[in-house]
Amino acid sequence: MTTSLDSYQKSVLNAFLNKDGRLKNIPSQKKKKLVVLEYFVQQLNDNQSYTEREINEFIKTYHEDFCTIRREFIVNGYMDRDAGNYIKRDETLWTKWQELK
């Protein structure tokens, strides 16, 4: 996992996260949204299965719209869902914000 942030990531996170690390609003631009989603997913443990409730609680520490963000995790390849359990996918399978213009 890459822990250092490049300048684009820093500027996006600074723009969308408040001083407490909570998301002010979900970015509408896909590239910026992916930067934020990636940042959140990187906080989860690799190879750990999470219940839907656990994922919801995790997301709520950042933003109240846990349904949208949880769905975005799946749609953008950050997590897999199986029988109500969620697991972080390998980073090589994630949608890459770096490949968007």
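For this chain, numbers begin at 1 and follow the sequence in order.
In this structure, CG on Leu13 lies 11.5 Å from NZ on Lys32, to the nearest 0.5 angstrom. Note that the CD1 atom of Ile55 and the CD1 atom of Ile69 stand 11.5 Å from one another [nearest 0.5 Å]. To the nearest 0.5 Å, the span separating NZ on Lys88 from CG on Asn47 amounts to 9.0 Å. Expressed to the nearest 0.5 Å, how far NZ of Lys33 lies from CG of Asn76 amounts to 7.0 Å. Between Gln43 atom CD and Thr61 atom OG1 the span is 9.0 Å, to the nearest 0.5 Å. Expressed to the nearest 0.5 Å, how far CG of Leu34 lies from CD of Glu99 amounts to 10.5 Å.
Both Leu17 and Tyr8 belong to a single network of hydrophobic side chains, linked directly or stepwise wherever heavy atoms of I, L, V, M, F, W or Y lie under 4.5 Å apart. When hydrophobic clusters are built by joining Ile, Leu, Val, Met, Phe, Trp and Tyr residues whose side-chain heavy atoms come closer than 4.5 Å, directly or via intermediates, Leu100 is not grouped with Leu93.
Between the side chains of Gln9 and Tyr39, no donor-acceptor pair of N or O atoms lies under 3.5 Å. For the residue pair Asp65/Thr68, the side-chain donor-acceptor check at 3.5 Å is satisfied.
Across all their heavy atoms, Tyr78 and Glu72 have their closest contact at CD1-O, 4.3 Å. Contact record, Ile74 with Asp80: CD1-C, 3.9 Å, taken as the closest heavy-atom pair.
Side-chain N or O atoms of Arg81 include none that pairs as donor or acceptor with a backbone N or O of Ile87 at under 3.5 Å. Formation of a donor-acceptor pair under 3.5 Å by the Arg70 side chain with backbone atoms of Asn56 is not found in this model. In this structure, the side chain of Lys30 does not engage the main chain of Ser28 through any donor-acceptor pair within 3.5 Å. Listed for the Gln48 side chain is no donor-acceptor partner under 3.5 Å among the backbone atoms of Asn45.
Heavy-atom neighbours of Arg89 CZ from other residues, nucleotides or ligands within 6.0 Å: above the threshold of 12.
With ring centers used as reference points, Tyr62 lies under 6.0 Å from Phe40.
For Lys24 and Phe16, the positive end is not near the middle of the six-membered ring at less than 6.0 Å and at most 45° from its axis.
Contact of the Phe73 side chain with the Val41 side chain is registered, since non-hydrogen atoms from C-beta on lie closer than 4.5 Å.
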